[in-house]
Amino acid sequence: ESGYVTLDIGYKNTGATKSAITFLDGEKGILKYRGYSIEQLAEQSTFIEVAYLLIYGELPTAAQLKEFEHEISIHTLVHEDMKKFFDGFPSNSHPMGQLSSVVGALAAFNPASLKQGLSPEEINTEIIKLIAKMSTVVSWIYKKSLGHPVIYPQNKLDYVTNFLHMTFGQRTEVVDFDPVVVNAMNKLLILHADHEQNCSASTVRIVGSSDANIYASISAGISALWGPLHGGANQAVIEMLEKIKLDGGDTEKWIAKAKDKKDPFRLMGFGHRVYKNFDPRAKIIKKACDDILEKLGINNEVLDIAKKLEEVALKDPYFVQRKLYPNVDFYSGIIYTALGFPTDMFTVLFALGRLPGWIAQWKEMKENKEPIGRPRQIYVGVKSRDYVPMDKR
Ligand code: SDX
């Protein structure tokens, strides 16, 4: 009676769509955005240029990039009434809960985005607005956590510098950021920008397939990313490393815990559904860690523990047999810490980086006129029975 259903729980072997955005080769550890390798983009491009590439499919000309950045710069302000949202959150509320709520609410502040049958130009305006406002919202969440006044966007700054200004700037002067910091931020956001049909991108696509507006779709993606098995791992990694540091840096003990099936503890930042080799992003971030810590003159005990964990795990048969390697989340938190971010902001930064990828996936799903996502099941419940009145139960 299950008819034609093939069961594939967790979609481990299911292709959900045809996509031209991102290519992954899990065996070889290859990642490309629109055919360009992540190594080249991380070294030579900027986050806003990679956002353009992912969304529109081509590297922009100088004029196209200038226009894109100008369009974004005139939409960076968030409606002043949005501040009432921030006033409503308790000061210690998790930044991801704030981000998913506020992004979903952007639709309410933007009735035009709720119209059915938006034209490609109208959709593009919403895309630009979302990219513009996301960095403002992320920086306001951070300022709120400190009890500091928010900083308004300086539209003459480039996207990443503007984000850093709103996040770490003070009320008046525009901070003159160390190019090392701006460079590291661009690189991190580029490395997080897309990753084909991961959990949160699939969430964005399936929510968008019901013709829900882009804000609702991205808000759903933010919620999916929050999970510690997904984007939330970058926060969980640092919390794990801090625990190991407090425990005297005994990496062998924690590796043993990760292998113990009776112990729910997993080595956070290790393993991946697709990469059965090194996550190419982890390699780049690990190197960037050394560079930025050296340049900022920070010696980081937690980085030493991370490197020791990696060294021990990569020699351990349990990890080798299961092809468990460091993933994108293993080192990223160390750089975020060096840049001055608290751990509960890490997954929000992942979301800021992933936004153009989610948008590109959502746009492609709509342009391909994909049907509403509605999987089937194999029913294993009770076949049938009659209602029992309360006095007979
Ligand atoms: C991201 O999909 C993407 O592309 C995601 C992402 C992106 O850019 O969007 O790359 C970002 O989410 C990276 C992953 C971050 N998550 C973590 O670091 C959390 C720790 N890692 C895992 O929980 C796990 O590795 C997953 C969730 C990443 C992948 O899980 P799978 O593919 O479902 O694999 P599994 O859980 O079935 O594990 C296979 C085996 C199991 O052992 P056995 O049952 O075969 O004995 O490997 C073991 C697992 O117990 N295992 C681990 C482990 N990860 C897997 N054991 C210890 N520590 C780990 N981290």
Side-chain angles (χ1 to χ4, degrees), residues 8-16 19 21-27 29-33 38 42 50 54 96 188-205 221-241 244 251 253-285 306 309-310 312-314 316-334 346-347 349-358 360-361:
D8 180 16
I9 296 171
Y11 308 120
K12 294 200 173 190
N13 298 298
T14 293
S19 177
I21 301 169
T22 291
F23 173 76
L24 286 194
D25 179 322
E27 291 308 322
I30 294 172
L31 172 57
K32 294 186 177 181
Y33 297 157
I38 195 70
V50 166
L54 285 167
M96 283 298 275
L188 279 165
L189 293 171
I190 288 170
L191 291 169
H192 285 85
D194 193 52
H195 215 237
E196 58 129 280
Q197 304 311 314
N198 58 82
C199 177
S200 54
S202 304
T203 303
V204 168
R205 285 183 90 117
I222 294 168
S223 297
L225 188 74
W226 195 357
L229 293 185
H230 192 10
N234 59 15
Q235 175 173 351
V237 166
I238 293 293
E239 287 164 353
M240 169 185 77
L241 294 173
I244 296 174
T251 45
K253 171 182 162 191
W254 287 84
I255 294 265
K257 267 172 76 69
K259 291 158 55 178
D260 176 358
K261 291 297 169 196
K262 290 188 293 304
D263 189 327
F265 172 73
R266 283 193 160 189
L267 205 51
M268 299 314 277
F270 254 77
H272 198 276
R273 173 63 58 75
V274 178
Y275 288 125
K276 299 306 169 194
N277 192 325
F278 243 92
D279 180 333
R281 301 166 297 178
K283 266 190 200 161
I284 300 171
I285 294 178
L309 264 184
E310 176 190 338
V312 173
L314 293 188
D316 185 302
Y318 173 96
F319 289 86
V320 172
Q321 276 151 23
R322 292 169 177 78
K323 299 185 178 178
L324 300 176
Y325 291 89
N327 59 51
V328 66
D329 294 313
F330 192 61
Y331 287 105
S332 55
I334 293 167
F346 292 178
T347 314
L349 294 168
F350 192 145
L352 181 63
R354 185 53 54 88
L355 179 64
W358 284 333
Q361 298 283 347

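Not measured: the values here are computed from a predicted model. Basis for what follows: all heavy atoms, side chains included, without hydrogens, waters or symmetry-related copies. Whatever order the structure lists ligands and atoms in, that order sets their numbers, starting from 1.
- Only the side chain of Arg281 comes within 4.0 Å of ligand 1, counting heavy atoms alone; its backbone N, CA, C and O stay farther away.
- Within the 4.0 Å heavy-atom cutoff, Ala258 counts among the residues contacting ligand 1.
- Using 4.0 Å as the threshold, Pro228 has a heavy atom nearer than that to some atom of ligand 1.
- Here the CE-CZ distance, from Met268 to Arg266, works out to 8.5 Å after rounding to the nearest 0.5 Å.
- Proximity of Phe265 to ligand 1 is not established, as no heavy-atom distance is less than 4.0 Å.
- Between atom 37 (O) of ligand 1 and the options Arg354, Lys12, Arg273, the minimum heavy-atom separation is to Lys12.
- Every atom of ligand 1 with a heavy atom of Asn198 under 4.0 Å away is listed here by number and element: 2 (O), 3 (C), 4 (O), 5 (C), 9 (O).
- Contacts between Leu324 and ligand 1, counted as non-hydrogen atom pairs separated by less than 4.0 Å, involve the side chain only.
- The shell of residues lying under 4.0 angstrom from ligand 1, judged by heavy atoms, excludes Val274.
- Of all the atoms in ligand 1, the ones that sit under 4.0 Å from a non-hydrogen atom of Gly271 are 25 (O), 28 (C).
- Contacts with ligand 1 closer than 4.0 Å are made by no heavy atom of Ala201, backbone or side chain.
- Under 4.0 angstrom from ligand 1, the non-hydrogen atoms of Lys261 all belong to its side chain.
- For Tyr275, no heavy-atom contact with ligand 1 is shorter than 4.0 Å.
- Set against the non-hydrogen atoms of Ala233, the atoms of ligand 1 under 4.0 Å away are 15 (C), 16 (N), 17 (C), 18 (O).
- Under 4.0 Å from ligand 1, the heavy atoms of Arg322 that appear belong solely to its side chain.
- Residues passing the side chain to side chain contact (heavy atoms under 4.5 Å, CB included) test with Lys262 are Asp260, sequence neighbours excluded.
- The shortest N or O to N or O distance between His272 and ligand 1 is under 3.5 Å.
- If you number the atoms of ligand 1 from 1 as listed, the ones under 4.0 Å from a heavy atom of Gly269 come out as 17 (C), 18 (O).
- Ring-plane geometry between His195 and Tyr275 is classed as tilted, the angle between the planes lying from 30 to 60 degrees on a 0 to 90 degree scale.
- Residues satisfying the ring-ring contact (aromatic ring centres under 6.0 Å, His included) test with Phe346, not counting sequence neighbours, are Tyr336.
- Remark: aromatic rings of Phe330 and His272 are distant, center separation not under 6.0 Å.
- In terms of protein heavy-atom proximity, atom 23 (O) of ligand 1 is nearest to Arg266 NH1, 2.6 Å.
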